[in-house]
Every structure is written in structure tokens, then in C-alpha cells.
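All ligand and atom numbering here is 1-based and tracks the order in the structure. Only this structure's heavy atoms are used, side chains among them; waters, hydrogens and symmetry mates stay out.
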Amino acid sequence: MPESRPEKLIIDGKRLDGRKFDELRPIKIEVDVLKRADGSCYLEMGKNKVVAAVYGPREVHPRHLQDPSKAIIRYRYNMAPFSVEERKRPGPDRRSIEISKVSKEAFEAVIMKELFPRSAIDIFVEVLQADAGSRTACINAASVALVDAGVPMKGILTSVAVAKVDGQLVLDPMKEEDNYGEADMPFAFLIRNSKIESIALIQMDGQMTKEEIKMALELAKKGAMEIYKLQREAIMKRYVTEEGIEVEEVNTDA
Ligand code: ADP
């Protein structure tokens, strides 16, 4: 990858990686990849490679953190030292703490936490390789891992970013577009029964006009619906036997 800004981020109406403006990077989702977690998922979104592990609902330690009325949700986003070009110092930093916080708040809106008083649902996401949009990849993986763990939810969270590069809105920006673009706007949507119910997360750095923000939202919704289908397919694939019989009752929407 070039260290300096490429002269153009869009050439002949195409992006540097050949994608159309409204095209996602290739996505791969695998469910139930970790033996010891209650639910897990490995997900690739372009060059991002992430793993999500869910534990719980389980007893909260230390006990003073228990909430008698509902489960507490904990979310830890962590980047492996080898996930980026320059080695990243291991451990939490301001960025990962912020990403963990906003992602946790997004999941608090979908998990039916009132069903599990005094317990905790722990979501760990590990970024093995990052190429912009790692928080969105992690939210998508965590959603699938939560379904795999059987955690009751009002729907599935699906996340994707929109960027503005060379004055053009593009879906699911990769590293060069994120680094050198004019704006980057990650979204997460609550999707239930193939319908977008609400927005669980919006962030933005850079600048967009009011009109562009509206268009970015529409573009993100389109991308989210495509990702949602892949999330569902991955879950169905895991829970349907070769004979086509479901081995376990799984509701991907609740
Ligand atoms: P996101 O990965 O959700 O887009 P950012 O916009 O903060 O989050 O980061 C964009 C990209 O910049 C990351 O995906 C990663 O490729 C790179 N990056 C982030 N933090 C670091 C870091 N500490 N060292 C090197 N590269 C980083």
C-alpha cells in the first residue's frame, strides 16, 4: 500500500480496488469457530479479518457489578499487534476503548437483557488484520456470535461505513479511502425480519453536507441489507444438516 496519498482515489468511475461506488468488499462469514466460547464467528470484510467470541449469559464477577434488573453487556474490541502495518502496541488504547464503548451501546439496544438479571454477556472481538472498517466487521461478527450463543435479541446488528472520497460517496471504504478521503461514517442498523428497524450507531469524522449525510444513510442501508443476508446465510448453514433438517431451532431475527 502506498505510504502517501494516491493522486486519485477514483479513476474512470472506479475505486482503486476496482469496486463500484455502491459495492461492498467480499465478505466471508463462518459460525461456531471456537470450542470454548458459547458463540463465535470468524468474519472477513475485504482485508479485515476478525473473530468474535461470546460468553454468557453468565454470573457477574465482581458481584457489585451485578444489575438486579438486567444483564450487563461487556464488549471488548482488541487489535492484535500484527493486525496493522506498523506493529501496534498491545493492549487497550483510547481508540479501542472508544470503539468498545460505542459498540457495547449499540448491542445494549438489541439484546433482551431484562431476561437475564444479575448476569453478564461478554462479547470479545479480536482484529487479526485491519484494513479500515474493522469496527464494522467486528459488530457484524459479534452479531452472528450472539445468535450462535443463543442470546435473545430484538434483531441482528449489521454494520457498514460510507466514506466520501474525491467528492464521491462510496460504500464500505478500504484503508486508502478511509485514510485519504474527506469523510468516514460508520453505521450499525438493527434489522429484524429483513427490515431495518432502527439505527444503533452512527459516527463520523470529516465533513459532509446535509444532503450527503442523507445519501450516505441510504447507501449504508443498501450495504447493510446485503451483509444481513450473508449473516443469515452463515447462521442457517451452521444450523442445517446435510439432509436439510434443522438440528436446532434458531431464530435469526430474535
Ligand atoms: P476502523 O478500523 O473501524 O475503520 P479507524 O477509522 O480508527 O477504525 O481506523 C482505520 C484503519 O486504520 C484501521 O482499520 C487500521 O487499518 C488502521 N489503524 C487503526 N489504528 C491503527 C494503529 N494503532 N496503528 C496502525 N494502523 C491503525
Side-chain angles (χ1 to χ4, degrees), residues 1-6 9 15-17 19 21-29 41-52 75-107 123-145 157-166 168-189 199-208 212-213 216-217 219-220 223-224 227 231:
M1 187 202 304
E3 284 300 314
S4 56
R5 188 193 194 283
L9 289 164
R15 298 157 72 178
L16 291 185
D17 57 4
R19 276 185 293 160
F21 302 145
D22 64 349
E23 195 176 335
L24 294 169
R25 291 174 284 188
I27 293 177
K28 183 179 154 190
I29 307 177
C41 173
Y42 169 77
L43 186 143
E44 291 179 7
M45 226 170 139
K47 291 184 202 150
N48 291 291
K49 296 185 179 191
V50 307
V51 181
Y75 188 103
R76 194 192 72 166
Y77 166 102
N78 184 54
M79 261 185 157
F82 51 79
S83 65
V84 289
E85 259 159 62
E86 299 283 312
R87 177 182 179 274
K88 189 208 161 280
R89 235 178 120 215
D93 51 24
R94 282 183 58 162
R95 177 180 168 277
S96 65
I97 291 167
E98 182 226 308
I99 292 176
S100 300
K101 179 179 182 289
V102 295
S103 306
K104 178 190 89 157
E105 287 168 359
F107 278 105
I123 307 164
F124 297 93
V125 289
E126 295 287 326
V127 179
L128 308 176
Q129 189 169 284
D131 191 67
S134 64
R135 81 194 61 198
T136 66
C138 286
I139 289 173
N140 293 331
S143 256
V144 172
L157 275 196
T158 301
S159 180
V160 70
V162 171
K164 184 177 165 188
V165 299
D166 291 356
Q168 173 69 48
L169 293 181
V170 296
L171 183 63
D172 188 23
M174 37 78 166
K175 185 84 190 305
E176 289 89 336
E177 293 171 331
D178 181 309
N179 276 12
Y180 305 116
E182 294 98 81
D184 174 34
M185 201 172 184
F187 293 84
F189 300 98
I199 300 173
L201 177 146
I202 301 186
Q203 297 182 280
M204 182 166 93
D205 55 54
Q207 287 193 358
M208 282 194 205
E212 283 169 340
I213 290 175
L217 174 61
L219 191 53
I227 297 170
Q231 288 173 304

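When only non-hydrogen protein atoms are considered, atom 10 (C) of ligand 1 lies nearest to Asp178 OD2, 3.8 Å. Given atom 2 (O) of ligand 1, the protein heavy atom at minimum distance is Ser134 OG, 2.6 Å. Of all protein heavy atoms, the one lying nearest to atom 26 (N) of ligand 1 is Val84 CG1, 3.3 Å. Counting protein heavy atoms only, atom 17 (C) of ligand 1 is closest to Lys175 CE, 3.6 Å. The protein heavy-atom contact nearest to atom 3 (O) of ligand 1 is Arg135 NE, 2.8 Å. Residue, atom and distance of the protein heavy atom nearest to atom 9 (O) of ligand 1 are Arg95 NH2, 3.5 Å.
In this structure, a donor-acceptor pair under 3.5 Å is absent between the side chains of Ser4 and Tyr180. With hydrogens and angles left out, the side-chain atoms of Asp93 and Ser96 include a donor and acceptor closer than 3.5 Å.
Ligand 1 lies less than 4.0 angstrom from a heavy atom belonging to Met79.
Remark: side-chain polar atoms of Ser83 are not paired, donor with acceptor, to backbone N or O of Gln129 under 3.5 angstrom. Within the 3.5 Å criterion, the main-chain N or O of Ile139 finds no donor-acceptor partner in the side chain of Ser159.
The ring of Phe189 has its center closer than 6.0 angstrom to the ring center of Phe187.
Contact check for Leu9 versus Arg15: no side-chain heavy atoms found under the 4.5 Å cut-off.
Here Lys101 pairs with Glu105 in a salt bridge; the nearest charged N to carboxylate O distance falls below 4.0 Å.
Between Glu86 and ligand 1, a contact under 3.5 Å exists for no N or O pair. Any N or O atom pair closer than 3.5 Å counts here, and Ala132 shares at least one such pair with ligand 1.
Close contacts of ligand 1 with Gly133, meaning ligand atoms under 4.0 Å from a residue heavy atom, involve 1 (P), 2 (O), 3 (O), 4 (O). For ligand 1, the atoms sitting less than 4.0 Å from at least one non-hydrogen atom of Lys88 are 23 (N), numbered in the order shown with element in parentheses. In summary, the atoms of ligand 1 found under 4.0 Å from a heavy atom of Ala130, numbered by their order in the structure, are 14 (O), 15 (C), 16 (O).
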Glu182/Gln168 under side-chain hydrogen bond (donor to acceptor under 3.5 Å, both in side chains): CA gap, chis, key distance, verdict: CA-CA 9 Å; Glu182 294 98 81; Gln168 173 69 48; over 6 Å; no
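With a heavy-atom cut-off of 4.0 Å, Asp131 touches ligand 1 through its backbone alone. Residue Glu85 does not touch ligand 1, judged by heavy-atom distances below 4.0 Å.
When each of Lys175, Lys49, Arg25 is checked for a salt bridge (Lys or Arg N to Asp or Glu O under 4.0 Å) with Asp131, only Arg25 meets the rule.
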